[in-house]
K.L.:
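What follows is a single structure, and I will ask about it in a moment.
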Amino acid sequence: MLALSDMQGLWSRSLLVRPDGTRDETTFVAWLQGPTLFVDLRQPDERPSFRGVRSLGDLNGEQIAWLAEQEGFAGRLEQDAEYFVWSRTLDFQPASLTADSGKLWLEDEMMVEEGRYSPYIEHWHRDPEPATPCAAARLFDKSAGVEGFLVRAGEIFMYARARTGVSRTPGSRLSEGLDEARSLEAARQLVDCEISLGCVSGSEWAIMRSSLPYREGAFLAPQIVLTEQRCSTADIAADGSALRRRWELLELEGDATALGEQAEPEFESVAQG
């Protein structure tokens, strides 16, 4: 039987068989698993052009509609006897009405997931690159009132930041909220939840794929002050200006020194996100 320690690393999905029998083999899915904390991003195909989009304030209606179809979440993976449970603290879509839980087993080099409360099947494939160092952090931005996650396994990282001040009815879809949005600005706020995938090379943390495509190509540049249980990350304001987001470190697991540059106890004065 698989254990939590067997899950660490980057996983991609090649197949979803839904309860009604329909199949999805085109959605991009990346799940990065730390010691227990995880981040997951799922993006549909036929992505529109985001050329010229530098920030949230540049998004148009067509782009927002596609972004609202994305899925992604972050939280903690737990084990309940033969089942695994993905406890979601942060979710791009409104919260599900049922727990995310399934049975996992290996078939040759592939991992199969069978739903516990819904009869779905997923096929997963682990990235062959080493998953060490492996570390993760649960974050909180007190000034914005949002939670975040940072997970690293080997040279891959995923980062998640919740949206601010927007709530939706559990069990609904984000796209339904677009129909109710009274302005383009309100629609933009609905999709302002960042879930990013990137690569670590030396001191550079480059974002390769993101739920906010204008973040792709940017550098996360995490800095950590372990003595004060704080960190900061590079971010961008709605008007396109650069800022650094300050986080409290609510939880650390694994090799914390792998989660960014070790900074001095005193942060310089920076803009808040």
Side-chain angles (χ1 to χ4, degrees), residues 1-47 70-88 91-92 96 98-136 149-160 195-201 205-211 216 253-255 258-259:
M1 185 172 70
L2 292 172
L4 280 175
S5 58
D6 297 319
M7 299 296 106
Q8 294 179 15
L10 177 65
W11 297 84
S12 61
R13 192 185 75 187
S14 60
L15 173 67
L16 164 65
V17 181
R18 302 183 182 91
D20 63 2
T22 58
R23 299 163 67 92
D24 178 2
E25 299 175 88
T26 61
T27 297
F28 170 85
V29 180
W31 156 31
L32 189 64
Q33 182 62 52
T36 67
L37 301 177
F38 72 90
V39 180
D40 185 302
L41 173 63
R42 307 181 178 200
Q43 297 180 299
D45 60 357
E46 300 183 358
R47 167 171 149 165
Q70 299 178 112
E71 296 181 356
F73 29 86
R76 187 184 311 279
L77 180 62
E78 302 169 315
Q79 196 163 10
D80 178 14
E82 62 179 336
Y83 292 97
F84 288 84
V85 182
W86 289 264
S87 296
R88 305 179 185 182
D91 207 325
F92 187 88
S96 174
T98 58
D100 185 359
S101 180
K103 185 185 297 185
L104 300 173
W105 69 90
L106 295 176
E107 292 185 2
D108 296 324
E109 298 300 315
M110 179 178 70
M111 184 169 70
V112 180
E113 177 183 344
E114 180 181 32
R116 183 178 188 176
Y117 302 111
S118 177
Y120 68 83
I121 292 289
E122 290 180 298
H123 289 175
W124 295 96
H125 307 269
R126 190 203 299 270
D127 189 284
E129 295 301 316
T132 54
C134 187
F149 288 82
L150 178 60
V151 178
R152 176 178 178 181
E155 302 309 307
I156 301 297
F157 75 89
M158 289 190 73
Y159 164 79
I195 303 177
S196 293
L197 166 70
C199 183
V200 181
S201 178
W205 293 54
I207 296 172
M208 301 182 297
R209 193 150 187 156
S210 179
S211 61
E216 294 170 0
E253 57 181 25
D255 181 5
L259 290 177

K.L.:
Mind checking the CG-CE spacing from L41 to M158? Nearest 0.5 Å is all I need.
P.N.:
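Going from CG on L41 over to CE on M158, the span is 5.0 Å.
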K.L.:
In a table with atom names and distances, give each donor-acceptor pair under 3.5 Å that connects a side chain of residues 2-11 to protein atoms at least two apart or in another chain.
P.N.:
{"residue": "D6", "atom": "OD2", "partner": "A3", "partner atom": "N", "Å": "2.7"}
{"residue": "W11", "atom": "NE1", "partner": "M7", "partner atom": "O", "Å": "2.8"}

K.L.:
With respect to S14, which candidate in H123, E122, H125 satisfies the side-chain hydrogen bond (donor to acceptor under 3.5 Å, both in side chains) definition?
P.N.:
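The residue from H123, E122, H125 that satisfies side-chain hydrogen bond (donor to acceptor under 3.5 Å, both in side chains) with S14 turns out to be H125.
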K.L.:
Could you check whether any side-chain heavy atom of E155 comes within less than 4.5 Å of a side-chain heavy atom of S201, counting everything from C-beta outward?
P.N.:
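Sidechains of S201 and E155: no contact.
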K.L.:
With a 4.0 Å cut-off on N to O distance, would you call E71 and R13 a salt bridge?
P.N.:
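Looking at E71 and R13, the cut-off is not met.
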K.L.:
In the structure I gave you, are the side-chain heavy atoms of C134 and R152 within less than 4.5 Å of one another anywhere?
P.N.:
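The answer is no; the side chains never approach within 4.5 Å.
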K.L.:
Counting N and O atoms only, with roles assigned by atom type, does the side chain of S101 sit under 3.5 Å from a partner on the main chain of F84, one being a donor and the other an acceptor?
P.N.:
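Side chain of S101 to backbone of F84: a pair is present.
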K.L.:
So, D24 side chain and T26 main chain: donor-acceptor pair closer than 3.5 Å or not?
P.N.:
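Yes; at least one donor-acceptor contact below 3.5 Å.
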K.L.:
Flag the pair M1 / E82 as yes when at least one side-chain heavy-atom distance between them is below 4.5 Å, and no otherwise.
P.N.:
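Contact flag for M1/E82 side chains = yes.
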K.L.:
Kindly give the heavy-atom pair with the smallest separation between G34 and V151, and that separation in Å.
P.N.:
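In this case the closest contact between G34 and V151 is N-CG1, 3.6 Å.
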K.L.:
Can you name the closest pair of heavy atoms from G102 and Y120 and give their distance?
P.N.:
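It is CA-OH, 4.4 Å.
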K.L.:
Could you measure the distance from the CG atom of L104 to the CG atom of L77? Nearest 0.5 Å is fine.
P.N.:
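The CG atom of L104 sits 8.0 Å away from the CG atom of L77.
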K.L.:
Which distance, rounded to the nearest 0.5 Å, do you find between the CE of M208 and the OG of S196?
P.N.:
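The CE atom of M208 sits 10.5 Å away from the OG atom of S196.
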K.L.:
Taking the side chain as every heavy atom from C-beta outward, state whether I207 and F157 have any pair of such atoms under 4.5 Å apart.
P.N.:
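Side-chain contact under 4.5 Å: yes.
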K.L.:
Identify the two heavy atoms, one from D255 and one from A135, that lie closest to each other, and give their separation to 0.1 Å.
P.N.:
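Minimum heavy-atom contact is O-CB, 3.2 Å.
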K.L.:
With side chains defined as the heavy atoms from C-beta onward, is the minimum distance between W205 and Y159 less than 4.5 Å?
P.N.:
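Heavy-atom side-chain distance check fails, nothing below 4.5 Å.
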K.L.:
Say you draw a straight line from CZ of R209 to CD1 of I195; how long is it, rounded to the nearest 0.5 Å?
P.N.:
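That separation rounds to 13.0 Å.
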K.L.:
Does the side chain of I156 come within less than 4.5 Å of L32's, by heavy atoms?
P.N.:
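Counting from C-beta outward, L32 and I156 do come under 4.5 Å.
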K.L.:
Rounded to the nearest 0.5 Å, how far does OG of S211 lie from CG of L197?
P.N.:
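So the gap between those two atoms works out to 11.0 Å.
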K.L.:
Is there a side-chain contact between V85 and R116, using heavy atoms and a 4.5 Å cut-off?
P.N.:
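Yes, side chains in contact.
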K.L.:
Are S87 and R76 close enough that a side-chain donor and a side-chain acceptor fall under 3.5 Å?
P.N.:
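There is no such pair between these side chains.
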K.L.:
Does the separation of the ring centres of W86 and F73 fall below 6.0 angstrom?
P.N.:
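No - the distance between ring centres of W86 and F73 does not fall below the 6.0 Å cut-off.
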K.L.:
Hey, are the side chains of E114 and W105 touching, using non-hydrogen atoms and a 4.5 Å cut-off?
P.N.:
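In short, these two side chains touch, coming nearer than 4.5 Å.
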K.L.:
Which heavy atom in D91 sits nearest to a heavy atom in G72, and how many Å separate them?
P.N.:
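Heavy atoms only, the tightest pair is OD1-O, 3.1 Å.
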K.L.:
At what distance, to the nearest 0.5 angstrom, does CZ of R42 lie from CG of L16?
P.N.:
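It comes to 8.0 Å.
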K.L.:
Does the Q79 side chain pair with the main chain of Y83, one donor and one acceptor, at a distance under 3.5 Å?
P.N.:
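Checking the backbone N and O of Y83 against the side chain of Q79, no donor-acceptor pair under 3.5 Å is found.
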